[in-house]
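All ligand and atom numbering here is 1-based and tracks the order in the structure. Note that this is a predicted model, so its numbers are computed, not measured.
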Amino acid sequence: MRKIYIFDTTLRDGEQSPGVNLNMQEKVEIALQLEKLGIDRIEAGFPAASPGDLAGVNAVARAVKNASIIGLARSREKDLDAVHEALKGAQDPCVHLFLATSPIHRKHKLRMEKHQVLETAEAAIRYARKYFDKVEFSPEDAGRTELDFLCEVTAMAIRAGATVVNIPDTVGYMTPYEYGNIFKTLKENVPGIEKIQLSAHCHDDLGMATANALAAVLNGADQIEGTINGIGERAGNTSLEEVAMALETRQEFFQAKTSLVLNEIARTSRLVSKLTGMVVPGNKAIVGANAFAHESGIHQDGMLKEKTTYEIMSPETIGLKESKLVMGKHSGRHAFREKLIDLGYELNEEQVNVAFAKFKDLADKKKDVSDEDIRALIEEKLIETPEVFVLDTIQLSYGNQSVPTATIRVKKIDGGSAEEAAVGNGSVDAIYKAIDKVTNEEVELEDYSIKSVTQGKDALGEVHVVMRQGDYSVQGRGVSTDILEASAKAYIDAVNRLIDKRKAPARSKRDNVSLI
Ligand code: KIV
Ligand code: ZN
C-alpha cells in the first residue's frame, strides 16, 4: 500500500472562506486537533498577509510537535522572509510558494511571458532553499496551464530544489479524467520527477474536488491537500475526511492509505465548524448530521437486519457513537418497535399497533419525530397514570425587589384537597417547593426544560421535567399558555408517575422511565 501524505490547509485556504477569521488561539486549537487526527502537514497561514497571520503561524509552529508546519508565500523574497520568521520554533518547517502559470493568469494578472514566469519562480525557489530543506512549489492555476509548459515548469522547480510540486486546480475547472492525466503526463515526461513528491490541490466549484484528488492518487500523486469539512475559497477545497474515508473504504481499489486517526474525524469536523462558524450541511458526506441517518422504512428494516445493507462505513470509524434511525413518516413498524425497545418500553402487539397508528398520525404533521415525542405518545396515550394529585389553583407573588412566593392548592384522588405556600429563589423554585410540601414527597429535580409548542405571543408552552427519588426516575410534562402553570403541571405529573411507579416497580425495565 502506498502512503498518501495529507496536507491540511484549513488554517490557510479554509480561512479564506468568506466570513471566516480565526484568531491565534483558535488557530492553535484547530492545529492541535489536526495533530491528533494524524495530519502529516499543516499549512498554518500566509505570514506576509498581516502581522496577525505571521503571529498565528508562529503560535502554531511552536505548539505542534508531530506534523510539519507550512507557511504560504508568493514568489517574493519579502514573503519568504516572513515565512522564515513565522516558522521559527517549528520542529519540521516547510515553505509553500506559488506563482501562476496559466495563460489567463500570465496575461491578465502577472502580465508576464512564459520565460519571466520560469525565471521568477526559479529565483524564488532557490531563495527559499537557503532557509528551508523542504520547499513546496505550486504553479497556480495549473489545471488551465498548457500541459507542455506545466512539464517545463515542473522540471525547472525540481532543478531549483523544490521537494514537492503541487498541482492546483485553482478554479475547480478540472474533471477527474483531465486532472488525473496531468499527473500521468508529469510522471512520464519530467526528468527527475522521482526525486520529488507530487501533490494534488483541488477546489470544488463544479463539485469534483474529491473526485479529482482521488484521480490524482490513481495517477501517482503522493500528497493530497484539502480542508476539514471542505471549507475554503468560494465553493471550498477537497474535503479531507472524504478523501480519508474513500481511501479507507476502497483500499483494494486505490491501493493507497493515509495515516490519519480516523476516529478523530467527527471531533475535528465539529471543532472546525464551531470555530469557523461554518455550519456543516446535514447531507455532507462523512460528517453531515444525516451521513449515518436512515429514514425510509425499507432502509431502516435493512439496517436492523444487517447494517451493511445500507452502510458502507460504520459511524464508529469516524468517532461517532452509532447510526441514527430517524423516525418520520417513512419509518416502518420494524424500526418503530426497535425504537420502543431502545427507549425502554415493552408493549404487547396490540399496544404497538395503537402506538404505531398514533406515531404515523404525528409523523404526518411533524417532519422528524423525536424520542421525546415517542415517549409522550406512549406515556400520555397508552399508559394511564392515576392522578393522585391534580392542580387546582396556583397563586404567585412576584416582584423584582421581593422574594417570590407561591401558594398551591391540589385536589387529591381520595376527594380531599390540600394547600401549601413556599418561598423560593425564583417563581418556579417557589412553586416546586410548595408542591413538595403539598404532596409530601422528597424528590430531586434532575432536569427542567421549556419550549413553545405553538407560535405567536399566546404560544402554548410545554414544560418537561425529569425527577428522581432514590432509584426511581420519572418524567413529567405540562402544557399551558402560562409557563408557570405549565411548570406546576409538569411537576405534579411527574409526582403522580413517581407514586405509580413506586407501586409497580416491576414494570420498569431499562432506564427507569415509566413503562408498561
Ligand atoms: O488554489 C490555489 O491555487 C492555491 C495556491 C495558493 C496553491 O491555494
Ligand atoms: Zn487553493
Side-chain angles (χ1 to χ4, degrees), residues 5-18 20 41-50 53 57 68-76 79-80 82-83 86 94-106 108-110 117 120-121 124-125 128 134-145 149-150 153-154 157 162-174 178-179 182-183 186 196-210 212-213 216 221-240 242-243 276 278:
Y5 289 83
I6 298 295
F7 176 119
D8 180 283
T9 182
T10 304
L11 299 177
R12 199 277 297 169
D13 222 334
E15 214 220 6
Q16 286 173 221
S17 309
V20 174
R41 295 160 185 173
I42 298 174
E43 187 167 52
F46 183 10
S50 72
D53 237 64
V57 174
S68 176
I69 303 299
I70 295 149
L72 182 72
R74 289 165 295 186
S75 291
R76 298 180 187 182
D79 282 28
L80 294 161
V83 174
C94 172
V95 63
H96 175 196
L97 69 150
F98 69 96
L99 186 66
T101 51
S102 67
I104 295 179
H105 281 238
R106 289 193 317 256
H108 300 290
K109 189 177 87 174
L110 300 177
V117 168
T120 310
I125 297 169
K134 292 186 178 167
V135 172
E136 172 169 323
F137 175 70
S138 285
E140 191 192 5
D141 203 15
R144 293 189 297 173
T145 299
F149 184 51
L150 194 59
V153 170
T154 307
T163 50
V164 178
V165 173
N166 179 43
I167 305 297
D169 177 19
T170 304
V171 288
Y173 181 71
M174 298 275 91
E178 292 167 305
Y179 192 63
I182 295 179
F183 287 77
L186 293 175
I196 58 139
Q197 290 191 338
L198 271 183
S199 171
H201 179 114
C202 304
H203 281 265
D204 209 30
D205 298 67
L206 292 174
M208 290 190 277
T210 300
N212 285 342
D222 306 281
Q223 170 175 286
I224 290 185
E225 304 193 359
T227 58
I228 301 299
N229 300 338
I231 64 170
E233 200 61 68
R234 305 182 309 280
N237 289 57
T238 298
S239 220
L240 290 179
E242 291 175 13
V243 168
T276 59
M278 292 198 69

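Atoms of ligand 1 lying under 4.0 Å from at least one heavy atom of E140, given by number and element, are 3 (O). Contact atoms of ligand 1 toward S138: 7 (C) (distance under 4.0 Å to a heavy atom of the residue). The distance from ligand 1 to the heavy atoms of H96 drops below 4.0 Å at these ligand atoms: 7 (C).
For the residue pair Q197/E136, the side-chain donor-acceptor check at 3.5 Å is not satisfied. There is no side-chain donor-acceptor pair under 3.5 Å between E225 and T9. Looking only at atom types and distance, the side chain of H203 has no donor-acceptor partner in the side chain of T170 under 3.5 Å away.
Not one N/O/S atom of E233, from backbone or side chain, sits under 2.8 Å from the Zn ion (ligand 2).
Annotation: F149, atom CZ; neighbour count of heavy atoms from other residues, nucleotides and ligands within 6.0 Å is above 12.
Just one of D204, D13, N229, T227 meets the side chain to side chain donor-acceptor pair (under 3.5 Å) condition when paired with N237; it is D13.
Distances from the Zn ion (ligand 2) to each N, O or S atom of D13 single out OD2 as the nearest.
Ring geometry, H201 versus H96: the interplanar angle falls from 30° to 60°, so the pair is classed tilted.
The shortest heavy-atom contact between P47 and G71 is CD-CA, 4.2 Å.
The shortest contact between atom 3 (O) of ligand 1 and any protein heavy atom is with T170 OG1, 2.6 Å. In terms of protein heavy-atom proximity, atom 6 (C) of ligand 1 is nearest to R12 NH2, 3.6 Å. Of all protein heavy atoms, the one lying nearest to atom 4 (C) of ligand 1 is H201 NE2, 3.6 Å. With respect to atom 1 (O) of ligand 1, the closest heavy atom belonging to the protein is H203 NE2, 3.0 Å.
For the pair R41 and Y5, the distance from NZ or CZ to the six-membered ring centre is under 6.0 Å and the angle to the ring normal is within 45 degrees.
In this structure, Q16 has no heavy atom closer than 4.0 Å to ligand 1.
Under 4.0 Å from ligand 1, the heavy atoms of D13 that appear belong solely to its side chain.
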